[in-house]
Amino acid sequence: MGLIARAIEEAGIPTLSMSSARDITRSAWPARSVYLDYPLGHTAGRPNDPELNASIMRDTLTAFEALTEPGAMSHLSYRWSDNDDWKDKVFAPVDSEDSSEQSSEYEDDRVARHDTPQYQTEADEAAAEHSHDGEECLVCAGIDY
Amino acid sequence: MTTTPQSLQPPVDYIPRITAQYSGLGYGEYRWLESEEVPAWTPLSKPISESKLGLICTGGIYASGQTAFHFKDDTSYRAIPTDVDLTELRATHFAYDLTDARKDINVVFPLEQLRSMIDEGALGSLAPHAYTLMGGIYSTRRVTEELIPALVQRVIEDEVDVVLLVPV
């Protein structure tokens, strides 16, 4: 996403990137960014908490105007919970079930990298087939299969 | 509940943790994007409260009726009308826990809160479409040659004043 932000900024449109992975965003180095210290999958807030999410967005848009240094990052002050124990489990090795082994191992919890559309529901697949029946779709662009 | 300083930790360093996991699983080394040059800078032309905002999100979001993303270097994108009914939105991905995104899509696609900002007068307007991507694309070349030119053209055509990017 950092490459995209940098390219849009270069094309003459100001950008702001939200982030919940500070080091990845710093490495990609977009023009402006705000960091929210939440677990991955919550870049813009918390489920079913519209007031909190509106507050985060209000602060985000305020930062858009306040950041004046190319590449600067603003830290938002929200915390995911009273403690940061969730951080211990992020991409961490899991303890081996076999107690005779001292080492911990990583578990591959990611999904297989299928190269066909992965629908959330079967109804979505039917809806997509129906809406693309004999027509070229203008909104599903750049599909490579 | 009181918060003790001991229970707070600095931001997670994802790059070393993910690199160690990939290597522990026997995958090849992932090359993280490291930008060495200071980013280009375009000043705001007007206050955000008067600006038309374009939204670009990764996280594999699509609307019912659209083709879903796939999981192997998908460089396509979807244009989602910003007046969409939020119940029509879906998320599909290989690399993050989708539980909360499927409960409330606004955690990765902040449409409801951007609409609130317009109601409050903190934001001017939204572009007619938001663009959604898969992310997690290994090939920088394909992002640079295929995806970026298409997206830059779309946001220019939309005549937006600013763009908000929301990666997962």
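In this text the structure is predicted, and so the values were computed from the model without any measurement. Just so we're on the same page: letters track the sequence lines, and every chain starts at 1.
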If every non-hydrogen atom of A:Lys87 is compared with every non-hydrogen atom of B:Arg17, which pair is closest and at what distance? O-NH1, 2.6 Å
Measure A:Thr25 against the heavy atoms of chain B and call it side chain, backbone, both or neither at under 4.5 Å. neither
Between A:Met57 and the options B:Leu114, B:Asn106, B:Leu123, the side-chain contact (heavy atoms from CB on, under 4.5 Å) test singles out B:Leu114
Considering all heavy atoms, the nearest A:Ala11-B:Val152 contact: CB-CG1, 3.7 Å
Quick one, B:Ile15 with A:Ile24, criterion side chain to side chain contact (heavy atoms under 4.5 Å, CB included). Give me CA distance, side-chain angles, the key distance, then yes/no. CA-CA 7 Å; B:Ile15 292 177; A:Ile24 295 173; 3.8 Å; yes
Taking A:Ile56's backbone N and O only, do any of them form a donor-acceptor pair with B:Gln113's side chain (distance below 3.5 Å, no angle check)? no
Can you check whether B:Trp41 reaches A:Arg32 side chain to side chain, under 4.5 Å on heavy atoms? yes
Quick one: do B:Glu37 and A:Arg6 make a salt bridge, cutoff under 4.0 Å? no
Given a strict heavy-atom distance threshold of 4.5 Å, which part of A:Ser17 is in contact with chain B: side chain, backbone, both, or neither? both
Gap between atom OG of B:Ser35 and atom CG of A:Leu3 - 0.5 Å precision: 6.0 Å
A:Asp85-B:Gln9 side chain donor-acceptor pair, cut-off 3.5 Å: no
Restricting to non-hydrogen atoms, name the atom on B:Ser64 and the atom on A:Ala127 that form the minimum distance, rounded to 0.1 Å. OG-CB, 3.9 Å
CG (A:Asp115) and CG (B:Asp73) are apart, to the nearest 0.5 Å, by 10.5 Å
Tightest non-hydrogen contact, residues B:Pro16 and A:Asp23, listed as CD-OD2, 3.7 Å
Which residues pass the side chain to side chain donor-acceptor pair (under 3.5 Å) test with B:Tyr62, sequence neighbours left out? A:Asp124
Does any backbone or side-chain atom of B:Leu44 lie under 4.5 Å from a heavy atom of chain A? Answer side chain, backbone, both or neither. both
Atom CD of B:Glu36 and atom CH2 of A:Trp29: how far apart are they, to the nearest 0.5 Å? 9.5 Å
Shortest non-hydrogen pair, A:Pro50 vs B:Glu112, comes out as CB-OE1, 4.1 Å
Where do B:Pro39 and A:Pro70 come nearest, in terms of heavy atoms and distance? O-CB, 3.9 Å
Contacting region of A:Glu69 [heavy-atom separation from chain B under 4.5 Å]: backbone
Under 4.5 Å heavy-atom distance to chain A, tell me which part of B:Pro149 shows up: side chain, backbone, both or neither. neither
Looking at OG1 of B:Thr58 and CE of A:Met1, how far apart are the two atoms once the value is rounded to the nearest 0.5 Å? 5.0 Å
What part of A:Arg46 is in contact with chain B, defined as an atom under 4.5 angstrom from a non-hydrogen atom: side chain, backbone, both or neither? backbone
Could you tell me whether a side-chain N or O of A:Thr43 sits under 3.5 Å from a main-chain N or O of B:Pro167, the two making a donor and an acceptor? yes
Calculate, to the nearest 0.5 Å, the distance between atoms CG and CD1 belonging to B:Asp161 and A:Ile13 respectively. 8.5 Å
Does A:Gln118 reach the main-chain N or O of B:Thr92 with its side chain, forming a donor-acceptor pair under 3.5 Å? no
